[in-house]
Amino acid sequence: PPSPSSEQAKMTVVTPRLGLITLLLSSTPLAACAFSNPRSFSSVSHARRSFSPIAKCISLSASNDDDASTKAAAAPSETRISAPSSSSSSKREMLKFAIPALGIYLTNPLLSNIDNAFVGRTVGPAGLAALSPATLCIDQALYLFSFLSRATTGLVSRAFASSVNGEHKSGGGNTDAARDAASAPLTVSFFCGAILSLVYAFFTPNILKKLKVDPLLQTSATSYIHWRGAIAWAALAQSVSLSLFIVTKDAITPLKIISCAAILNVIGDAAFCVWPLRGGCGGAAAATALATLVSTGWMVKSLKDRKLWPKLRLPKKKEFAAMSEFTGPLLLITFTRMGGFMNMQKKAMSLGVEALAGYQLCMNLMLFFILFGEPLSQLGQTKLPAIIDANDSAQAKATFKSIITLSTFAAFGVAAVAYLTATFGSGMFSSAAGVQAIARSAAPALLLAVAQTIVGIAADGCLMASRDFGFMLYTGIGTFLLQTKLLQYCNSVGDILMTFTVRLGMYSVLAVGRTAFGYGNLGRAIHGKSKLVSS
């Protein structure tokens, strides 16, 4: 092994290198704001304004055109108290959708952090460290099948916006078409979930050995995986059901269901993990499994009451082909993203048990806070497909601009809260002083990672709506290879998180800039160059 002096020298070279790249990309939320109006670079006066990104963000609710500004100045003073602009009205409509949806997406990572808190304070650092490979096996496998919920969103949003007997409904969408479109993804989700449950039941010890998990942690990790893995079928079906609710413009019903399930999970954690059962990691997983079953059953009943529950049947050839347009590319894209998380996990495991516990704490905080961008991603996936199909360039531009603007403001505020939580609130999740110190030292890297990812998630949803899968895949592979190389030089949890920041920062800059300047399916739609072209 290298001597301590050589390790210190290595750190002094690598940390500034990663830090420099991270700082260069840390302006992504600001850059996204400027990129959302490429005309800002077309003249000297606009160029001056582009050097003030925050002011640029604030001004986005106004018209983008100089002509509009001239007209506003020439108009009588009474016009200043006229009705709000369509842009600001559009943002309000988006927020009405995004805020309830945000509650849905935040619930599961919030419960993961509650699990961490119960396990970390009752079992100790060893229990918290055991959750790291256990959640990797569960959550990353479920994430691998996230293409099902995203395919549901893409297929159902177009079906819901389709006409009924040649006419569009004024009060809602085509629920019959939406229900039929969700049938194939839902059936596949049950099938894939059942296979996952069998894999976890029989092969969990072998999986943990392949991951080279510390033998002292394997018993607790196995218990957690067995409980959570037993209901993998319900978790996948629930994700498809959530997409069906959201696409049909009902975020309140699933929010109520998930909130009640969250309360049940907390009660279960107290009973199964602390007292009277004292089940440790397994107890926390059992509480989560019970809450998942209850919430899934409740969603099924609600969808049946609304006559939206799809019929479970084998997909027809046409349905399978339509779903394959999403599932094939999205599966490959998901592999690259999952590979990045797995490489981060392996690097953290090489740093020792205490560092692994600190990594688990930081990652759960990150996964919680970055989901503030998920409702905006869903908003893009829900609204943009029909707009692009209609070749409405003005509406496509307004929607994309609003989504990027909202994600930019969210990135600043949410990242700051993430930093404060890691700095001052780590004691809520672990009583070990060493784990708390690791979380505090990684807080700046966590701030940058959260800020970059929120913008990236929002842009990702817009690209997915336009089926720009080729760009997403090639960029994902390139940034994955870069992150893999950078991870070789990491010596702390903060360094690991900075590689994630670099990866997401590059993706965000390329995605937003490429679209704003008229490239890709969405960029062409915004500039009125052509209709959607399949990637």
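All residue numbers refer to positions in the sequence shown, counting from 1. Because the structure is a prediction, the values reported are computed rather than measured.
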side-chain hydrogen bond (donor to acceptor under 3.5 Å, both in side chains) between Gln483 and Thr479, worked out: CA-CA 6 Å; Gln483 184 188 26; Thr479 54; over 6 Å; no
Heavy-atom closest pair, residues Ala355 and Val493: O-CG2, 3.6 Å
Value rounded to 0.5 Å, distance of CG in Leu312 from CZ in Phe191: 13.5 Å
Non-hydrogen side-chain atoms of Asp468 and Leu522 separated by less than 4.5 Å: no
Charged N-O contact under 4.0 Å between Lys347 and Asp495: no
Side chain proximity check, Thr499 to Tyr489, heavy atoms < 4.5 angstrom: no
Selection residues 290-305 - residue pairs positive for side chain to side chain donor-acceptor pair (under 3.5 Å), sequence neighbours left out: Gln238-Ser295, Gln238-Thr296, Lys301-Asp305
Shortest non-hydrogen contact from Phe272 toward Gly283: CB-O, 3.3 Å
Gap between atom CE of Met366 and atom CE of Met344 - 0.5 Å precision: 5.0 Å
Minimum heavy-atom distance Val450-Ile370, with the two atoms named: CA-CG2, 4.0 Å
Nearest non-hydrogen partners of Leu148 and Ser189, listed with the distance: CD1-CA, 3.7 Å
Side chain to side chain, Pro385 and Arg158, heavy atoms closer than 4.5 Å: yes
Which atom of Thr501 lies closest to which atom of Ala445, heavy atoms considered: OG1-O, 3.8 Å
Side-chain touch Phe429/Leu365, heavy atoms, less than 4.5 angstrom: yes
Hey, can you pull the donor-acceptor pairs under 3.5 Å for the side chains in residues 200-209, sequence neighbours left out?
from	atom 1	to	atom 2	distance (Å)
Tyr200	OH	Cys137	O	2.6
Thr204	OG1	Tyr200	O	2.5

Aromatic ring pairing Phe368/Phe372, orientation class (parallel under 30°, perpendicular over 60°, tilted between): perpendicular
Side-chain (Ser239) to main-chain (Leu236) donor-acceptor, under 3.5 angstrom: yes
Heavy-atom side-chain contact between Arg306 and Thr248 under 4.5 Å: yes
Any Phe480 side-chain heavy atom under 4.5 Å of Asn343 side chain: yes
Phe500 side chain near Thr453 side chain, heavy-atom distance below 4.5 Å: yes
Least distance between heavy atoms, Arg337 atom then Met472 atom: NH2-CE, 4.0 Å
Trp309 and Phe190 aromatic ring geometry - parallel, tilted or perpendicular at 30°/60° bounds: perpendicular
Side chain to side chain, Gln345 and Leu356, heavy atoms closer than 4.5 Å: yes
Sequence neighbours left out, cut at 3.5 Å: what donor-acceptor pairs do the side chains of residues 213-222 make with other protein atoms?
from	atom 1	to	atom 2	distance (Å)
Asp214	OD1	Leu216	N	2.9
Gln218	NE2	Val213	O	3.0
Thr222	OG1	Gln218	O	2.7

Between OG1 on residue Thr187 and NZ on residue Lys311, distance to nearest 0.5 Å: 10.0 Å
